[in-house]
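Worksheet: one structure, shown below.
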2 protein chains.
Amino acid sequence: MSTKLPECGVARFLVLLEGPWATLIVRELLAGTRRFNELRGALPGISPHTLTSRLRKFETYGIVTRTIYAEVPPRVEYELTPLGYEAKAILDAMAVWAVAVPDPASVE
Amino acid sequence: MSTKLPECGVARFLVLLEGPWATLIVRELLAGTRRFNELRGALPGISPHTLTSRLRKFETYGIVTRTIYAEVPPRVEYELTPLGYEAKAILDAMAVWAVAVPDPASVE
DNA sequence: CTGTATCCCCTGGGATACTG
DNA sequence: CAGTATCCCAGGGGATACAG
């Protein structure tokens, strides 16, 4: 990120899971190994551009592994590393809390 | 956010705490009531523009209250609502996990 | 002090087309 | 199937100046 955020754990998290799709991709992988197009299908609206971009970033941070099977047609599987799986508790907590927050649209 | 994300709890969270500063502001308020300039001082680099923008959004979602004291000079205090405080566990978890993730810069 | 108003930049993300 | 390459857009965010 261009913005220089303060040095704290939360900021590290924000840089890693930057952007609206990042967290959703991790969430999808939480359910198990996924192939490129399986992820696309599970994330309606995401473009291959974005998906590739996020996946590559996760790889460099070591929270996702990319396994290539030299077959025809080619097959590539993405899977969370143990470290990646540990994010599950956080995503679950995020979902629970967010649902409790009232929707301003329904209020105003 | 312009992007239409899937309908799930995690997505709600992402929309609400959109942007790198949002979460950090909540984190700061977790420590207690803060005035506008106290937040600015605690968040080096944030512009009044951004701070105001995020704070207003939090208000509309009911996770932050804005109390205005008709004094001279004017004083305005921001405080998390009980609902807002409940996000503490999530931010703590985020920080713990993120610190465990290796920094790719130090690896490459 | 607490914002608001402009103007500009940057990056995530979409759309589309094309390759190994 | 699994990407990569372009081009474009939206909006978060910074800087600065100004207002209540």
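Reckoned from all heavy atoms, side chains included, excluding hydrogens, waters and symmetry mates. Chain identifiers are assigned alphabetically (A, B, ...) following the order of the sequence lines, protein sequences preceding nucleic acid strands; residue numbering begins at 1 within each chain.
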Side-chain N or O of [X] less than 4.0 angstrom from OP1 or OP2 on [N]?
X: A:Thr52; N: D:dG3; answer: no
X: A:Tyr78; N: D:dC1; answer: no
X: B:Thr50; N: D:dG13; answer: no

Expected output is a numbered-order residue list: members of residues 25-38 of chain A with a heavy atom under 4.0 Å from any atom of DNA chain C. What is it? none
Distance, rounded to the nearest Å, where [X] contributes [atom1] and [N] contributes [atom2]:
X: B:Arg54; N: C:dT4; atom1: CZ; atom2: C1'; answer: 16 Å
X: A:Arg66; N: D:dC1; atom1: CZ; atom2: C1'; answer: 12 Å
X: B:Leu51; N: C:dT2; atom1: CG; atom2: C1'; answer: 10 Å
X: A:Glu77; N: D:dC1; atom1: CD; atom2: C1'; answer: 12 Å
X: A:His49; N: D:dA5; atom1: NE2; atom2: P; answer: 11 Å
X: A:Ile68; N: C:dG20; atom1: CD1; atom2: C1'; answer: 12 Å
X: B:Arg40; N: C:dG3; atom1: CZ; atom2: P; answer: 11 Å
X: A:Glu18; N: D:dG12; atom1: CD; atom2: P; answer: 14 Å

Identify, between A:Pro74 and B:Ser47, the residue whose nearest nucleotide on DNA chain D lies closer to the 5' end. A:Pro74
Quick check: do [X] and [Y] have side-chain heavy atoms less than 4.5 Å from each other?
X: B:Arg27; Y: B:Lys88; answer: no
X: A:Ile90; Y: A:Phe13; answer: yes
X: B:Pro6; Y: A:Leu24; answer: yes

Would you classify B:Tyr69 as touching base, sugar-phosphate or nothing, given that sugar-phosphate means primed atoms plus P, OP1 and OP2, and contacts are heavy atoms under 4.0 Å?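 No contact.
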What does A:Arg56 touch in the nucleic acid at a heavy-atom separation under 4.0 angstrom: a base, only the sugar-phosphate, or nothing? sugar-phosphate
Decide salt bridge (Lys or Arg N to Asp or Glu O under 4.0 Å) for B:Lys57 and B:Glu18; before the verdict, give the C-alpha distance in whole Å, the side-chain angles of both, and the deciding distance to 0.1 Å. CA-CA 10 Å; B:Lys57 183 166 190 175; B:Glu18 198 173 48; 3.2 Å; yes
Do A:Met94 and A:Asp92 pass the side-chain contact (heavy atoms from CB on, under 4.5 Å) test, and can you show the C-alpha distance, the side-chain angles, and the key distance before you say yes or no? CA-CA 5 Å; A:Met94 279 171 46; A:Asp92 287 345; over 6 Å; no
Residues A:Tyr78, A:Ile25; criterion side-chain contact (heavy atoms from CB on, under 4.5 Å); working and verdict: CA-CA 10 Å; A:Tyr78 293 91; A:Ile25 294 172; over 6 Å; no
Consider side chain to side chain contact (heavy atoms under 4.5 Å, CB included). Of A:Glu79, A:Glu59, A:Glu77, which one does A:Thr65 pass it with?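 Exactly one option meets the side chain to side chain contact (heavy atoms under 4.5 Å, CB included) with A:Thr65, and it is A:Glu79.
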Nearest 0.5 Å please: distance from the CG atom of A:Leu17 over to the OG1 atom of B:Thr23.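 Separation between the atoms: 11.0 Å.
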Between the first and last five pairs of the helix from C:dC1-D:dG20 to C:dG20-D:dC1, the angle of the axes, rounded to 10 degrees: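 What I find for the helix from C:dC1-D:dG20 to C:dG20-D:dC1 is an axis angle of 50°.
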Would B:Leu39 and B:Leu29 count as a side-chain contact (heavy atoms from CB on, under 4.5 Å) if you check the C-alpha gap in whole Å, the side-chain angles of each, and the deciding distance to 0.1 Å? CA-CA 8 Å; B:Leu39 285 173; B:Leu29 289 173; 4.1 Å; yes
For B:Tyr85 and B:Leu30, the nearest pair of non-hydrogen atoms, with its separation, is CE2-O, 3.6 Å
Looking at D:dT4, C:dC1, D:dG12, which one has an atom nearest to any side-chain atom of A:Pro48?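 The answer is D:dT4, which lies nearest to the side chain.
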